[in-house]
Amino acid sequence: MILSTLTLLACLLVPLAAAAASTSSRNALILANVRVEWTNSTIFDGYVLTSGHDVEPASGGKHFCDGTNGKQHPTRVPVATAALDDASVIGNFQWEGDWYTDFQDYFVTRIAGLPEKVDPNTTSWILYLNYVPAQVGGCQLQIKQHDEVLFAFYPHQYPFQAALYLSGPQEVSANVSNPFRVTNGTNGPPIAGASVGGKMTNADGYVSLEFSETGVRRLEAEKSGWAHVLLAPYTKVEESFNLHATHDVLSYGISKHALQNYDHKIFPGAVPRTFIGSILLAWSSIPLIFVENMGGSLDKLDLQIMSELWSLSINRVSQLTVRLTLATANALSLCLIRRAVSRRFGPFDSVYFTLLSITQFHLPFWMGRTLPNMFALIPVNIAVSFLLDKAPKSFRPSSNAIATAIAILTFTAVVLRAEILLLLGPIAFFSLFYRYITLKKVIAVGLISGLASLVTKRTALTVSVDSYFWGKSYLWPEFSGIYFNVYEGKSAEWGTSPTHAYWTLHLPKLLLSSFPLSIIGFFQDLRIRRLLYPFLVFIGLLSFLGHKEWRFIVYVVPVFNIAAALGLRNLSALSNRSNLFLLSVLIFFIGVNISLTYILTLTSINNYPGGTALTLFHQLYPVSQHPSAHMHVHISNLAAQTGASLFLQSNAPPFPDHLRIPTVNSSAHVLNPPWIYDKTEHLTISALTRQKSITHMIVEERPDEEVKKRWEVVGSVASFDKWVVDLGLFKEFGRVQEKEKIKESGVRERVLGVLRMVKKEKLWILQRKS
């Protein structure tokens, strides 16, 4: 069973990467700079998230455009013409082209209505990739992360010239001569006689420009490069406390003097929460951070990743595909359950358990995120492994195993998540009912483990630890949560759901195909019924609370997967042709899991606009080019709630010794001046405009013309909005209307040719004009 254990561990460690791979890693979204140049004006110049997909130019004719055209690539890849199509959505222009069946590619004839008269013999649009003329068609030309895609109009009567590359300072002073240089973008030699800002370059390609007024100047052929982490582990607001607590422990340390800098002093939340999980996560990350730093510099974004990831990089250059530290602990706890399942029910059931677990969405995707429930899931899984660990024919586990499980669950309920008390009670009750353990032993174990979890002089547990960090005497965070949410009923302020919501909505969503299979397993095996009874009661008790979330019952998923594995085994025994039937059943149920996980994962990785926007902000304004600039960025509420965490505030203090910030004085760890990241809430754009110290904003309201008088839009971020069914794929009627609706909504992703993901602009990056 070593192989099965390794399989479970390996698969569960890469939930996000595995799901992303299922979207075809070669055709994953990439960020490219797309520029469209007319003879004397720029039609479009901006950054586009793109991948290979079907396109339909304004001239008509919908065809695939994903690199497989003309058998240029064996699988789908991002390509230049698809990037042009996505740019047309963002830039609100149209393009036209003729489709050539023999080449399976388009010949672009018009962009933004230009030229008015098309004559391929005298004029044409030329495609360049990284300033090199393309040798294949735009639907065959693969583009990669950060590539420069240029469509330039070329009148044939002029001698053909390579694309020009302009280099120079990104920030200059007024009334000072500033050098710029134009070179051949293809091979690098200088270009003489090129016009830049109204002046001509000399023989070495240089030109000096002087600006009399402050402000932003756009020069043709300017090249910018900025990275975008497509699958970065950004987080949302419900994960922020533990994430920021981990940040503060790593960055400031835990001395009493350091606590005044902690984020919870500014944003304490509705109720206090325990620091124990965050401390353990931070301390376990320090050796990994040290190892990572041995190979080079490590910035604060890497620190966020490292605090969640094992340092095992598959391809550090293209993307970070390393293992989550928190997911590792959860995966190991699931391995304990798998081993117990193998011993209790048999090796085939453990394999089915593994397959069902790794193809679900919620547990693998979330078990590495810093939700408090994911910290609690680890000891709950360990306790379940003790409940399972008995001989195959035995109906009575050892009393010591039950006592150990009760002790672990008591600790979890007291320290990490109080709702575990509603699971602990039924487990203790059924253990007494079936005479697995005596009442005297239950009381003794519960009292000892409960009191020890609260406070002891020699162990750092919840009252002693959290009273220290929160600066309050005799603080028990989980009791505060019970009092606030249950006794005062304040949890209802976050919304309520009907009593049946866990059974009819959240449980099917968590389990996917395991939901019907677990019902079969429940009625087929007495052993699984006895295991499931406490968990069913747990869900029933939580159903009486008005506020419901799937994460409150996530602990039941492994046990239901065990029942589903038994159900799958029983289904395979219904046919004499067992091998064929088993294969069909496996393909169906695992296929359902994979299909739904594909859609849910694609949705989730495109649903963190705040993290994307702050990353984009740093790439637009690298410290190396703004070493002494005053930067004060206000982060809107939506951005703060969808990924703009403290770990991404890479140019603000602190700069701890275990980080080597390349642009910071290594001895003083001081930026001069340090950047300011402001998350003050409930401020309008007009109020922020009046605060002259603010130089930039990340806003969630689309800037109108009045705002644009004082602010320049330097970037925007689109994220998931909805899925739409492409009925036009099956019915000719309505295809044009559906296409127009999707185009108006934003960039889209295809799933199996039927579903389209629609994205909308959610955040805008603004720079003060003055």
**Q.** Donor on one side chain, acceptor on other, D105 and H63, under 3.5 Å
**A.** no
Q. Got a salt bridge between R702 and E761, using NZ or NE/NH1/NH2 to carboxylate O under 4.0 Å?
A. yes
Q | Separation between CD1 of I765 and CH2 of W711, rounded to the nearest 0.5 Å | A | 12.5 Å
Q | L512 side chain reached by T597 side chain, heavy atoms, under 4.5 Å | A | yes
(Q) Has E701 got a side-chain atom pairing as donor or acceptor with T684's backbone, closer than 3.5 angstrom? (A) no
Q. Taking N69 for the side chain and Q104 for the main chain, is one N or O donor matched with an acceptor at less than 3.5 Å?
A. yes
Q) Nearest heavy-atom pair of A80 and V149: which atoms, and what distance? A) CB-CG1, 4.1 Å
(Q) Is it the case that the side chains of N606 and S719 hold a donor-acceptor pair, with the cut-off being a distance below 3.5 Å and no angle test? (A) no
Q: Enumerate the residue pairs fulfilling disulfide (SG to SG under 2.5 Å) with a member in residues 29-111, sequence neighbours excluded, ordered by first and then second residue.
A: C65-C139
Q: Considering only NZ, NE, NH1 and NH2 on the basic side and carboxylate oxygens on the acidic side, decide whether R369 and E239 come within less than 4.0 Å.
A: yes
Q. Side chains of T109 and W125: donor-acceptor distance under 3.5 Å anywhere?
A. no
Q) Within the distance-only criterion (no hydrogens, no angle test), does the side chain of R710 pair as donor or acceptor with the backbone N or O of S686 below 3.5 angstrom? A) no
Q: Kindly give the heavy-atom pair with the smallest separation between A82 and H53, and that separation in Å.
A: O-NE2, 3.7 Å
Q) Is there a side-chain contact between I126 and L150, using heavy atoms and a 4.5 Å cut-off? A) no
Q: With sequence neighbours left out, write down each residue that passes side chain to side chain donor-acceptor pair (under 3.5 Å) with E706, or none if nothing qualifies.
A: K709
**Q.** Atom pair CD/OH of Q767 and Y621 - distance to nearest 0.5 Å
**A.** 3.5 Å
Q.
Test your reading of the model: is there a side-chain donor-acceptor pair from S88 to the backbone of D85, 3.5 Å cut-off?
A. yes
Q | All side chain to side chain contact (heavy atoms under 4.5 Å, CB included) counterparts of A87, not counting sequence neighbours | A | V34, F44, V48, F93
Q: Working to the nearest 0.5 Å, report the span between OG of S636 and CG of L763.
A: 5.0 Å
Q.
Regarding D147 and N130, do their side chains bring together a donor and an acceptor under 3.5 Å, going by distance alone?
A. yes
Q. Taking atom CG of D86 and atom OG1 of T50, what is their separation to the nearest 0.5 Å?
A. 4.0 Å
Q: Can you tell me which residue pairs pass the salt bridge (Lys or Arg N to Asp or Glu O under 4.0 Å) test with a partner in residues 63-72, sequence neighbours excluded?
A: D66-R76
Q. CG of L596 to NZ of K509: how many Å apart, nearest 0.5 Å?
A. 12.5 Å
Q. With sequence neighbours left out, what residues match E700 under salt bridge (Lys or Arg N to Asp or Glu O under 4.0 Å)?
A. none
Q. Looking only at heavy atoms, which two atoms of V77 and G67 are closest? And how far apart?
A. CG2-CA, 3.8 Å
Q | F64, W95, Y100, F151 screened by ring-ring contact (aromatic ring centres under 6.0 Å, His included) with Y106, the one that passes | A | W95
Q: State whether the side chain of Q142 and the backbone N or O of Q140 hold a donor-acceptor pair below 3.5 Å, judged by distance alone.
A: no
Q. Within a strict 4.5 Å, meaning less than it, do heavy atoms of the I143 and L129 side chains meet?
A. yes
Q) Just by distance, do the side chain of K762 and the backbone of A639 share a donor-acceptor pair under 3.5 Å? A) no
(Q) Would you say CG of N92 has more than 12 non-hydrogen atoms from neighbouring residues, nucleotides or ligands within 6.0 angstrom? (A) no
Q: Locate the shortest heavy-atom distance separating G61 from P57; write the atom from each residue and the value.
A: O-CD, 3.4 Å
Q. Does H634 have its ring centroid less than 6.0 Å away from the ring centroid of Y677?
A. no
**Q.** T642 (side chain) donor-acceptor with G610 (main chain) under 3.5 angstrom
**A.** yes
Q: Looking only at non-hydrogen atoms, find the nearest pair between G138 and L127 and report the distance.
A: CA-CD2, 3.7 Å
Q.
I need the T695 OG1 to H630 NE2 distance, nearest 0.5 Å.
A. 5.5 Å
Q. Closest heavy-atom contact between N607 and T603?
A. CB-O, 3.4 Å
Q: Taking side chain to side chain donor-acceptor pair (under 3.5 Å) as the test, write out the residues that go with W99, two or more places apart.
A: none
Q | Identified side chain to side chain contact (heavy atoms under 4.5 Å, CB included) partner of I694 from the options L766, L688, V633, L683 | A | L688
Q) Has the side chain of S59 got a donor or acceptor atom that lies under 3.5 Å from a matching backbone atom of G97? A) yes
**Q.** Heavy-atom side-chain proximity of H696 to F617 below 4.5 angstrom
**A.** yes
Q: State, yes or no, whether a side-chain contact exists between Q72 and F103 at a heavy-atom distance under 4.5 Å.
A: no
**Q.** Y128 and E148: side chain donor to acceptor below 3.5 Å
**A.** no
